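The sequence lines fix the lettering, A, B, ..., with proteins before strands; numbering per chain opens at 1. Small disclaimer: the values here were computed from a predicted structure and weren't measured.
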Amino acid sequence: MKYWLLKSEPNVWSIHQQKKNGIKGVVWDGVRNYQAANNLKKMKKGDLCFFYHSNIGKEIVGIVEVIKKAFIDPTDNKKKFVAVIVRFKKMLKKTVTLENIKKNKDLMHLSLIKQSRLSVMPIDTKSWKILNKMSNINK
DNA sequence: GCCAACGTTGGC
DNA sequence: GCCAACGTTGGC
């Protein structure tokens with residue numbers, strides 16, 4: 001199983017809306033960047049993704065699960081880009097802010113920090129574990 | 001195929 | 001609101 005991070009501006013699409021959508025999940029479409037699209041293509045059913053709020057909050061707020069692997073994005077007329085379907089999994093007990101991620105030397109290599117504009121990125125297992133641990137600090 | 005101009009994202 | 005970083009477009 002692989003781990004990922006998905007970015008969304010909460011005033012466009014937030015984790016709360018994702019949660020309301022419940023078990024049927026949501027089509028994650030609109031990605032128009034090759035690097036992000038390539039990451040979407042690598043996703044498999046059952047993979048887990050951190051849900052990150054960009055611009056407002058700048059923090060990881062929850063986890064979603066991939067329930068359908070990449071298919072042609074229905075909103076892309078040229079049929080070049082892909083979408084996946086993700087389902088709400090859980091909210092983090094404590095959100096993990098970008099500020100705190102930057103403070104951790106073991107997380108400095110993440111694309112979240114190095115490539116601030118990338119909206120879909122892989123998270124290695126070690127980093128996934130660290131971030132999960134950080135989210136449980138104030139249980 | 002290069003690169004200047006322009007557009008977009010997202011942190012600050 | 002500004003701007004750095006980076007992706008895309010279009011003229012040559």
Side-chain angles (χ1 to χ4, degrees):
Chain A
M1 192 210 292
K2 287 208 162 58
Y3 302 105
W4 309 91
L5 182 143
L6 294 172
K7 268 188 195 172
S8 183
E9 291 186 50
N11 54 351
V12 177
W13 181 256
S14 74
I15 186 82
H16 307 291
Q17 288 166 283
Q18 181 79 43
K19 189 179 180 184
K20 266 185 215 157
N21 238 274
I23 58 164
K24 63 181 190 288
V26 165
V27 178
W28 201 270
D29 58 18
V31 172
R32 294 292 182 271
N33 168 286
Y34 286 105
Q35 209 181 335
N38 279 335
N39 288 330
L40 285 181
K41 284 178 192 169
K42 288 181 205 153
M43 287 184 183
K44 291 205 177 74
K45 191 178 172 183
D47 282 359
L48 297 177
C49 316
F50 280 129
F51 195 112
Y52 177 84
H53 279 175
S54 64
N55 282 311
I56 301 164
K58 281 166 283 181
E59 57 192 0
I60 299 170
V61 289
I63 293 174
V64 295
E65 179 186 355
V66 178
I67 57 171
K68 190 171 194 298
K69 67 173 184 178
F71 53 96
I72 297 290
D73 185 339
T75 68
D76 179 18
N77 296 330
K78 291 179 180 170
K79 303 188 192 314
K80 280 200 293 192
F81 293 98
V82 295
V84 296
I85 295 182
V86 293
R87 177 170 68 192
F88 176 80
K89 183 102 173 162
K90 66 169 187 174
M91 302 293 284
L92 296 188
K93 291 197 177 92
K94 179 178 185 294
T95 61
V96 181
T97 63
L98 181 63
E99 194 185 357
N100 282 332
I101 293 169
K102 281 184 170 173
K103 281 180 189 159
N104 191 321
K105 284 196 192 88
D106 293 328
L107 300 173
M108 287 305 284
H109 65 285
L110 292 181
S111 309
L112 187 68
I113 293 163
K114 295 181 130 184
Q115 277 180 277
S116 64
R117 292 182 56 194
L118 188 61
S119 62
V120 182
M121 67 194 77
I123 301 286
D124 60 282
T125 305
K126 194 182 166 201
S127 300
W128 177 270
K129 282 180 183 163
I130 294 171
L131 290 164
N132 263 293
K133 204 176 269 182
M134 287 167 80
S135 78
N136 278 328
I137 289 170
N138 292 341
K139 245 178 217 177

What's the closest nucleotide to the side chain of [X] if the choices are [options]?
| X | options | answer |
| --- | --- | --- |
| A/Arg117 | C/dC6, C/dT8, B/dC12 | C/dC6 |
| A/Leu98 | B/dG11, C/dG7, B/dG10 | B/dG11 |
| A/Lys102 | B/dC12, B/dG10, C/dG7 | B/dC12 |

Whole-Å distance between [N] [atom2] and [X] [atom1]?
| X | N | atom1 | atom2 | value |
| --- | --- | --- | --- | --- |
| A/Phe81 | C/dG7 | CZ | C1' | 11 Å |
| A/Asn11 | B/dT9 | CG | C1' | 13 Å |
| A/Met121 | C/dC6 | CE | C1' | 14 Å |
| A/Ile101 | B/dC12 | CD1 | C1' | 16 Å |
| A/Lys114 | B/dG11 | NZ | P | 17 Å |
| A/Gln115 | C/dG7 | CD | C1' | 11 Å |
| A/Asn55 | C/dC2 | CG | C1' | 13 Å |
| A/Leu118 | C/dC6 | CG | C1' | 11 Å |

**Request:** With A/Val120 as reference, evaluate A/Asn33, A/Asn38, A/Leu5, A/Leu40 under the side chain to side chain contact (heavy atoms under 4.5 Å, CB included) test and give the passing residue.
**Result:** A/Leu40
**Message:** Do the side chains of A/Arg32 and A/Asp73 get close enough for a salt bridge, i.e. N-O under 4.0 angstrom?
**Reply:** yes
**Message:** With a cut-off of less than 4.0 Å, is there a side-chain N or O of A/Tyr52 near OP1 or OP2 of B/dT9?
**Reply:** no
**Request:** Report yes or no: do A/Met134 and A/Leu110 belong to one cluster of Ile/Leu/Val/Met/Phe/Trp/Tyr joined by side chain heavy-atom distances under 4.5 Å?
**Result:** yes
**Prompt:** Is the backbone N or O of A/Ala83 less than 3.5 Å from a side-chain atom of A/Asp29, with the two atoms forming a donor-acceptor pair by type?
**Reply:** no
